[in-house]
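To start, the structure itself, in structure tokens.
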Protein chains: 2
Amino acid sequence: MVATLRDVARAAGVSPATASRALSAPELVAPARRALVEKAAQDLGYRPNLAARGLTTGRTGNLCLVVPDLGNPFFAGVAKGVQRRARELGHAVFVADSDEDARLEADLVERLSAQADGTLVCSPRMSDERLAELTADRHVVLVNRRLPGRPSVVVDNTDGMRQAVRHLHALGHRRIGYAGGPEGSWSDARRRDGLKVAAHGLHRLEVVDLGHFAPTVVGGTAAGDLVAAASITAVIAHNDLVALGITERLRVRGRSVPADVSVIGYDDTVGTLGHPALTTVAIRLARLGSVAVDLLLDGRASTGRAAATGADEDDISLPVELVVRGTTGPAPTPPTDGVSR
Amino acid sequence: MVATLRDVARAAGVSPATASRALSAPELVAPARRALVEKAAQDLGYRPNLAARGLTTGRTGNLCLVVPDLGNPFFAGVAKGVQRRARELGHAVFVADSDEDARLEADLVERLSAQADGTLVCSPRMSDERLAELTADRHVVLVNRRLPGRPSVVVDNTDGMRQAVRHLHALGHRRIGYAGGPEGSWSDARRRDGLKVAAHGLHRLEVVDLGHFAPTVVGGTAAGDLVAAASITAVIAHNDLVALGITERLRVRGRSVPADVSVIGYDDTVGTLGHPALTTVAIRLARLGSVAVDLLLDGRASTGRAAATGADEDDISLPVELVVRGTTGPAPTPPTDGVSR
DNA sequence: CGGTACCTGGCAACCGCTTGCCTTGGCTAG
DNA sequence: CTAGCCAAGGCAAGCGGTTGCCAGGTACCG
């Protein structure tokens, strides 16, 4: 049988109350007794029962993280960051994978958040309304998504696209494609907008919207054919997996990357895997997770607070960085006519 | 404030005891009252406090999964399977990532297992002794590792290697390399053994042991150079990431895959990513996870039971399947002399 | 030297739920 | 008609901690 606080108290010759205080509020107990209790606890291998403690204190010491797909390196990276930071702060993490099912996601949040001090939600596709309702009276931080009145941590998609566009522009590209993520994805909408702003406003590039694709290599394969058919010299993909699929498909179709078409990914989840290695907008995924944990536990992210004050200091945006590798190069010189420049 | 059982009882006009029974042991309560309680619970949006319930029942409804690296698709896959099965069975899952640190791993098991009904441990590198000690009086199932007296779920590494070897043999390869995983990895030792048994015993192939490598693409890059230097026509890697690294490095070094060298991976974690697509020994990762959950919750996997009976029905081995894709082909005909056959 | 303030530590209630035991009352059987 | 039985539901005791409140002791002050 595992040692309880009463056992420790008995062994130390004090009351349970004193034992409790000695361990969790040491300054309230005289050093001599405190030492006695500590020794007893040590000897008995005492570990407080977190469930019992949670019952009285109202805090469980647990967090909960809901993601659509742990197999997606994006979310795996976030989960790692969450996990690590939570551990440093003495919290355990419930992780729930919804298999991309928004209904299940909501269900998981409802079930698990009750057992945790706070919940981190990655839910790219849930409707704003449902998400707002779901997070109304819960202690929640949104990850990679923004919603008025809810604390959140996102990445600077606008700047990411700006960097990507500037890079392509410098390489001489003038017509570029965008292979988007799933319909309804919040971050995809932000990326698409960011791209258009940067392309039109900044550099007067033309953008061809190729449509929506599954955020996977297979999705990218489909996109690849559209890229091949469009008269563009570069394409930016919703994420790295799509970019990988596009690159591969173009190769199969006899187009060279980057000689014929440049490809840029997003997230930097695949590193140098693939050939040529992917140029991509890098996100520090683990940091995304750890910052979210901090925000969640800071107490600043209390229910409805941001809504009440109108302040948005609870909305954090993380910087991104373009990493140039092998899939981008100078735009091909058009073979159409003899007019140079 | 959230509704408690007393609230429900009051609303239904019964005692808390009756309310409790109506909800968790309906057959003990007369239908009329039961309906009353159910309605009240419904109206109040009652959700039992799992921590409190756990305090009395001793069961928390939580599981715990400890893995060395969530970013590794192998463990992400297992985690998905665990998560899904646990959810079906009404359990929540604590996931802990140890960042490949065996000491931290042990610590996590100790801390988290107390809050859970059972623990799933993926710990490829911990020493047998430490692992045995750690799992001595805990309800634990080992995943992808076997230890006498402890329930476990593994994959049939021997058969996997047998299939790989048979494939290579049929293609005419006679000298093959093995690019191993990290020193001390349990599954790597099994795979290495399996390979040797299959190669020597079955087909009289020669095996060149290339050594130990980090189970990552980068590890594979290093291995690639050794492959290039060894006079072998095929190589089997510890896992897919290593295989990917090898393939890429060989390409850089001017060797063609599979024309010059055939490459086989293990785990099937990268799918058709990479070019050519990787031939690999496929594992059903999610199934590995879900079977482990079943074993854990079956009650069969009780502490020390297998040790007592000597039975090994608590040690499950899952089948694997060679998936032939593009990185394996006929052995090159030696250009050394003119003697054909 | 008496009074007071302060520091320590114990008592006991309580967090929300489960469950052993007992009471009550309606039936059946002898 | 009464004894016996069973079903239904309430009482209360926890599960393992925490914490408000109070008592006793000590030190310090006047």
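Order of the sequence lines sets the chain letters (A, B, ...), proteins ahead of strands, with each chain counted from 1.
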Looking at [Y], is its backbone amide N or carbonyl O close enough to the side chain of [X] to form a donor-acceptor pair, meaning the two atoms are under 3.5 Å apart?
X        : Y         : answer
Thr60(B) : Gln115(B) : yes
Asp7(A)  : Thr4(A)   : yes
Asp69(B) : Gly71(B)  : yes

Looking at dG17(D), I'd like to know if its phosphate oxygens (OP1 or OP2) sit under 4.0 Å from a side-chain N or O belonging to Thr56(A). no

Any side-chain N or O of Thr4(A) less than 4.0 Å from the OP1 or OP2 oxygen of dG17(D)?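 Indeed, a polar side-chain atom of Thr4(A) lies that close.
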
To the nearest 0.5 angstrom, please state how far the [atom1] atom of [X] sits from the [atom2] atom of [Y].
X         : Y         : atom1 : atom2 : answer
Thr119(A) : Leu142(A) : OG1   : CG    : 11.0 Å
Cys64(B)  : His91(B)  : SG    : NE2   : 13.5 Å
Asp117(A) : Leu63(A)  : CG    : CG    : 6.5 Å
Ser187(A) : Arg146(A) : OG    : CZ    : 13.0 Å

Identify whether the distance between the nearest side-chain nitrogen and carboxylate oxygen of [X] and [Y] falls below 4.0 Å.
X         : Y         : result
Asp294(B) : Arg287(B) : no
Glu110(A) : Arg47(B)  : yes
Asp43(B)  : Lys39(B)  : yes

Listed in order of residue number, which residues of residues 16-34 of chain B have a non-hydrogen atom at under 4.0 Å from DNA chain D?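 Under 4.0 Å from DNA chain D: Ala17(B), Thr18(B), Arg21(B), Val29(B), Ala30(B), Arg33(B).
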
Heavy-atom contacts under 4.0 Å between residues 37-52 of chain A and DNA chain D, which residues?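 DNA chain D contact set from residues 37-52 of chain A: Tyr46(A), Arg47(A), Pro48(A), Asn49(A), Ala52(A).
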
What pairs with Phe75(B) under ring-ring contact (aromatic ring centres under 6.0 Å, His included), at least two apart in sequence or on another chain?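 Testing Phe75(B) for ring-ring contact (aromatic ring centres under 6.0 Å, His included), a comparison that skips the adjacent residues, returns none.
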
[X] [atom1] - [N] [atom2] separation (whole Å):
X        : N       : atom1 : atom2 : answer
Leu55(A) : dA13(C) : CG    : C1'   : 13 Å
Arg6(A)  : dG10(C) : CZ    : P     : 13 Å
Arg10(B) : dG10(D) : CZ    : P     : 14 Å
Leu5(A)  : dC15(D) : CG    : C1'   : 13 Å
Leu36(A) : dG9(C)  : CG    : C1'   : 13 Å

Please write out each protein N/O paired with an N/O of nucleotides 25-28 of chain D under 3.5 Å, distance rounded to 0.1 Å.
none

Listed pairs under 3.5 Å, donor-acceptor, residues 26-35 of chain A side chains, sequence neighbours left out:
from	atom 1	to	atom 2	distance (Å)
Arg34(A)	NE	Pro26(A)	O	3.3
Arg34(A)	NH2	Pro26(A)	O	3.4
Arg34(A)	NH2	Val29(A)	O	3.2

Degree of bending, the helix from dC1(C)-dG30(D) to dG30(C)-dC1(D) (end axes from five pairs; round to 10°): 50°

Please identify which of these residues, Leu288(B), Val93(B), Val67(B), meets the side chain to side chain contact (heavy atoms under 4.5 Å, CB included) condition with Val82(B). Val93(B)

